[in-house]
Amino acid sequence: MIEVEEISKVYTQFKRSSGVLGAIKNLVSREHTLINAVNQISFTIKRGEAVGYLGPNGAGKSTMIKMLTGILVPTSGKVTVNGLVPHKHRHEIAKKIGIVFGQRSQLWWDLPVEDSFELHKRIYKLNDAEYRKNMNVFLELLSLKDFINQPVRQLSLGQRMRAEIGLALLHNPEIVFLDEPTIGLDVTAKDNIRAFIKQMNLDRKVSILLTSHDLKDIEEICPRMLIVNKGELIFDGTVDHLKSNLSMEKIITIEFVIDPGHDFEIENAVIMDDYGIRKTFKINKGLNSAIDFIQSVSKRYPIKDFTLQDSDIEDIIRVYYRSLEDVSANGSNQQKQMSVV
Ligand SMILES: Nc1ncnc2c1ncn2[C@@H]1O[C@H](COP(=O)(O)OP(=O)(O)OP(=O)(O)O)[C@@H](O)[C@H]1O
Ligand SMILES: [Mg+2]
């Protein structure tokens with residue numbers, strides 16, 4: 001459905017000097033730097049898959065979405081969406097895809113929301129029955145009925161995003177690209193939008209490519225994640241896959257039968273909290289070693305109970321991003337070793 005083969009995008013950024021002299025200088029000299037926003041990335045996405053596209057600011061996520069939707073032409077490499085090259089077949093592709101940019105509106109600012117939908121219906125040549133069917137679903141599920149007659153400029157951010165998402169799905173696209181669809185929204189609005197996207201993915205088998213800095217979006221909608229950093233793809237897999245590839249810190253609380261005392265010491269762990277009979281440890285290994293750790297403690301001190309606090313996706317990604325920073329500080333060789341791609 002989506003095939004990306006060694007695709008790259010290099011931007012040319014011209015240096016601009018300020019002031020009057022600078023303006024004159026800008027006219028004569030064209031000093032520039034090249035930015036490798038996307039660097040030789042390959043992946044495929046199948047029909048009905050929901051994939052999260054993650055990475056720190058400036059990693060090249062929006063650039064990738066723009067190439068996949070035909071807005072930008074790649075510098076090199078191959079992209080096909082449904083067998084078509086996006087920037088060469090923008091009209092054909094447009095019928096198959098929906099796009100939501102959290103930072104940019106596709107609605108007509110001064111017109112009532114419904115007018116943008118009517119216009120979209122004509123552009124995409126939807127028949128009345130299809131239009132009504134989808135509108136009825138969106139009026140309910142996205143609660144568009146609350147503001148369908150209001151001009152877009154009067155909408156709250158949450159209402160506008162609901163309208164944007166409905167509009168992107170109106171023509172029954174097979175793939176939807178969402179670039180930060182929940183940016184700036186409150187918790188309830190985010191939940192509603194996530195639930196809707198997920199339902200469209202499951203019920204209509206719409207493929208999803210979603211970028212977001214809110215990892216809950218990815219966790220709830222996308223079983224698969226692609227992580228990019230500085231233009232390169234560094235991970236392709238599931239959250240569990242990522243977890244098992246990182247040595248995460250584990251927090252274990254153990255309740256002893258009797259207090260082992262304060263001079264209690266054990267290898268591979270630091271005591272974080274000590275309430276005598278109940279102590280909390282931080283161990284610096286994966287799940288297997290957590291079990292090893294409990295076994296080795298219980299050999300010496302009888303244990304009544306224990307709890308293992310698992311890291312959530314936020315922690316995992318934080319550790320992952322931190323490890324990337326360490327890698328770039330120590331040269332790039334290690335990065336290849338860490339990557340799972
Ligand atoms: N039109 C452009 N001209 C020149 N450089 C650009 C252009 N668009 C993006 N860039 C640069 O390319 C790099 C990747 O930008 P991009 O917007 O794709 O990142 P992103 O991963 O979407 O970041 P964010 O999480 O902040 O949205 C950045 O260094 C950015 O400054
Ligand atoms: Mg972006």
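Computed from a predicted structure; not experimentally measured. Counting starts at 1 for both ligands and their atoms, following the listed order.
Between the choices G55, A59, G60, S62, the shortest heavy-atom distance to atom 17 (O) of ligand 1 belongs to S62. The heavy atom nearest to atom 27 (O) of ligand 1, out of those in Q103, K9, E180, is found in E180. For atom 26 (O) of ligand 1, the nearest non-hydrogen atom from the set T33, V10, N57, L34 comes from N57.
Residue T12 places no N or O, backbone or side chain, under 3.5 Å from any N or O of ligand 1.
No salt bridge links E6 with K78; every basic N to acidic carboxylate O contact stays at or beyond 4.0 Å. Ionic pairing of K190 and D214 is present here: one or more N-O contacts between side-chain nitrogen and carboxylate oxygen are shorter than 4.0 angstrom. With salt bridges taken as basic N to acidic carboxylate O contacts below 4.0 Å, none links R278 and D305.
Proximity of K66 to ligand 1 is not established, as no heavy-atom distance is less than 4.0 Å.
Atom 18 (O) of ligand 1 has its closest protein heavy atom at T63 OG1, 2.5 Å.
Coordination check, Q103 versus the Mg ion (ligand 2): failed, since every N/O/S atom of the residue sits at 2.8 Å or beyond.
Shown here is Y11, whose OH atom has more than 12 heavy atoms of other residues, nucleotides or ligands within 6.0 Å.
Partner H213 forms a side-chain contact (heavy atoms from CB on, under 4.5 Å) with one of T182, I218, N57 and no other, that one being N57.
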